[in-house]
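Everything below concerns the one structure shown next.
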Amino acid sequence: MSVFHAGFDPSGDVVRVRFEPGARHCIKDELEVLGCSRALVLTTPQQEAQGTEIADALGNKACGLFANATMHTPVEVTAEAMKVATDTGADVVVAIGGGSTIGLAKAIAYRTDLPQIVVPTTYAGSEATSVLGQMENGTKQTLKSPRVQPEVVIYDPELVMTLPANMTVTSGLNAMAHAIEALYSQDANPLSNELALAGIRSFVNGLPDVVKDLRDIQARTDTLFGSWLCGSVMAQVGMALHHKLCHTIGGSLNLPHSKVHAIILPHATAYNEVAAAESLAPIAKLLNSNSAAGGLYDFAKSLDAPRALKDFGVSKIDLDKVADLAVMNPYWNPCSIEREAVRALLGRAWEGARPE
Ligand code: NAD
């Protein structure tokens with residue numbers, strides 16, 4: 001990390017970004033920039049009121065509201081939304097929500113090439129990537145395509161203020177996980193390292209303040225900025241064992257994405273810290289701990305994050321199944337991926353014990 005390695009290509013898709021409290025009021029202007037006039041607004045059922053507010057503000061530029069975005073982007077829900085997009089003659093989708101709603105926008109864009117304006121209301125970071133994960137026949141498949149990358153991202157910290165405390169914490173840890181894996185990625189570069197460290201710092205400093213006061217606009221702004229950094233770094237470099245495990249657990253056991261990230265992060269970090277000690281040393285230092293893994297566990301505990309898979313109805317048989325799936329087509333990882341070692345990692349995450 002201390003040595004500058006020249007020779008890397010961080011170029012990506014061109015994205016327009018607006019970032020400020022109240023930025024949601026710019027959506028109409030962004031429609032004009034795109035030359036669009038029939039927006040289909042997307043939300044989950046839980047955020048329908050926020051979606052309605054956006055659709056009302058767009059007036060005759062909104063052609064409809066689809067409020068059934070669903071966790072893990074099942075293809076059946078995408079088919080329903082596609083029908084609404086066709087029936088209403090939509091020429092753009094506007095997604096307001098977390099990774100599930102943005103995932104639906106991406107799934108529609110993948111199939112139609114409609115442009116996307118996305119307004120993230122969690123810290124998951126999906127808006128920054130050209131990756132789409134979707135559930136089909138009980139498994140979660142991911143694909144990468146330039147069509148999937150949203151054209152416009154509107155970060156409005158006021159909208160994240162309604163995120164409940166537990167989801168705020170797990171979503172923040174989800175964002176940090178992107179940056180942790182970026183630090184030891186095989187294609188890490190000087191820019192990705194700086195983005196990752198700055199992103200993690202934003203959460204280490206900001207998340208405790210947000211938890212104290214969910215409506216602390218400065219802390220919400222700092223952490224939303226951190227999520228932009230962490231999402232951007234995930235778009236630049238490859239992810240490893242932690243993400244593979246979370247996709248496998250979330251998809252095959254239908255568990256909430258950010259909670260799984262929160263539980264697995266210290267354990268996947270411990271698995272890799274042996275081989276990636278130098279890359280992870282700044283994290284141990286930032287968290288004032290003798291290891292990055294232990295520091296992440298203590299940080300999560302201080303924020304009352306979930307720490308044990310057993311608290312979510314996961315059985316030991318499920319762990320065997322996940323271990324089998326996770327070692328199939330593994331992502332590149334700094335340590336070799338051994339089935340028994342992965343099963344042992346899952347056992348520790350199931351118990352919720354602090355990693356050694
Ligand atoms: P989510 O989008 O499923 O949201 C969880 C719940 O929180 C939903 O009910 C949602 O409506 C609600 N919510 C969101 N923001 C809120 C707010 N501000 N106020 C009140 N309620 C709010 O959760 P998530 O963790 O953001 O996204 C998870 C999904 O995103 C997974 O399917 C995951 O695979 C995907 N994802 C994809 C990428 C990618 O690059 N493709 C990256 C990260 C996550």
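For ligands, and for the atoms within them, numbers begin at 1 and follow the listed sequence. Count residues from 1 along the sequence.
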Short N or O distance, Ser171 and ligand 1, threshold 3.5 Å exclusive: no
Residue part near ligand 1, for Met161, under 4.0 Å between non-hydrogen atoms: neither
Mind checking what makes side-chain hydrogen bond (donor to acceptor under 3.5 Å, both in side chains) contact with His243, not counting sequence neighbours? His178, Glu181
Suppose I only count heavy atoms of Thr122 and a 4.0 Å limit; which atoms of ligand 1 are within that range? 14 (C), 15 (N), 26 (O)
Indicate yes or no: does an N/O atom of Leu159 lie under 3.5 Å from an N/O atom of ligand 1? yes
Once rounded to the nearest 0.5 Å, what's the spacing between atom CZ of Phe203 and atom SG of Cys230? 5.5 Å
Where on His72 is there a heavy atom closer than 4.0 Å to ligand 1, on the side chain, on the backbone, on both, or on neither? both
Using a 4.0 Å heavy-atom cut-off, which part of Thr121 comes near ligand 1: side chain, backbone, both, or neither? both
Is the closest N or O pair between Met167 and ligand 1 shorter than 3.5 Å? no
Could you tell me whether some N/O pair between Val131 and ligand 1 is separated by less than 3.5 angstrom? yes
Any ion pair linking Asp298 and Arg354 (charged N to carboxylate O, less than 4.0 Å)? yes
Leu173, Val260: one ILVMFWY side-chain cluster at the under-4.5 Å cut-off? no
Grab the two heavy atoms, one from Ala219 and one from Asp209, that are nearest each other, plus how far apart they are. CB-CB, 3.8 Å
Under 4.5 Å between side-chain heavy atoms, counting indirect links through other Ile/Leu/Val/Met/Phe/Trp/Tyr residues: same cluster for Leu65 and Val93 or not? no
Would Asp87 and Lys83 pass as an ion pair if we require N to O under 4.0 Å? yes
Under 4.0 Å from a heavy atom of Thr44: which atoms of ligand 1 are those, numbered in the order shown and with their elements? 10 (C), 11 (O)
Which of the atoms in ligand 1, numbered in the order shown and given with their element, are less than 4.0 Å from a heavy-atom of Lys140? 31 (C), 32 (O), 33 (C), 34 (O)
Below 3.5 angstrom, do we get any N/O pair linking His247 and ligand 1? no
Kindly identify the option in Gln46, Gln47, Gln134 whose heavy atom sits closest to atom 21 (N) of ligand 1. Gln47
Using distance alone, decide if ligand 1 has a nitrogen or oxygen within less than 3.5 Å of any nitrogen or oxygen in Thr162. yes
Contact (N/O only, under 3.5 Å) between Thr129 and ligand 1: yes
Could you walk me through whether Lys140 and His72 pass side-chain hydrogen bond (donor to acceptor under 3.5 Å, both in side chains), step by step? CA-CA 7 Å; Lys140 194 156 179 182; His72 302 309; 2.9 Å; yes
Are any side-chain N or O atoms of Lys106 and backbone N or O atoms of Thr129, one a donor and one an acceptor, separated by less than 3.5 Å? yes
heavy-atom search around atom 43 (C) of ligand 1 in the protein gives Ala124 O, 3.4 Å
Please check if any side-chain donor atom of Glu127 sits under 3.5 Å from a side-chain acceptor atom of Tyr155, or the reverse. yes
What do you reckon, does Asn174 have a nitrogen or oxygen under 3.5 Å from a nitrogen or oxygen of ligand 1? no
Steps toward side-chain hydrogen bond (donor to acceptor under 3.5 Å, both in side chains) verdict (Thr121, Gln47): CA-CA 10 Å; Thr121 62; Gln47 286 178 280; 3.0 Å; yes
Kindly say whether Gly295 contributes a backbone atom to a donor-acceptor pair with the side chain of Ser289 at under 3.5 angstrom? yes
Out of Pro45, Gly99, Ala49, the nearest non-hydrogen contact to atom 27 (O) of ligand 1 is supplied by Gly99
Is the closest N or O pair between Ser100 and ligand 1 shorter than 3.5 Å? yes
Identify the closest protein heavy atom to atom 44 (C) of ligand 1: which residue and atom is it, and at what distance? His257 NE2, 3.5 Å
Which of the numbered atoms in ligand 1 are under 4.0 angstrom from any heavy atom belonging to Gly98? 2 (O), 26 (O)
Element-labelled atoms of ligand 1 that are located less than 4.0 Å from some non-hydrogen atom of Lys106: 39 (C), 40 (O), 41 (N)
Are any of the N or O atoms of His178 closer than 3.5 Å to those of ligand 1? no
Does anything in residues 158-174 form a salt bridge (Lys or Arg N to Asp or Glu O under 4.0 Å)? List the pairs, not counting sequence neighbours. Arg24-Glu158
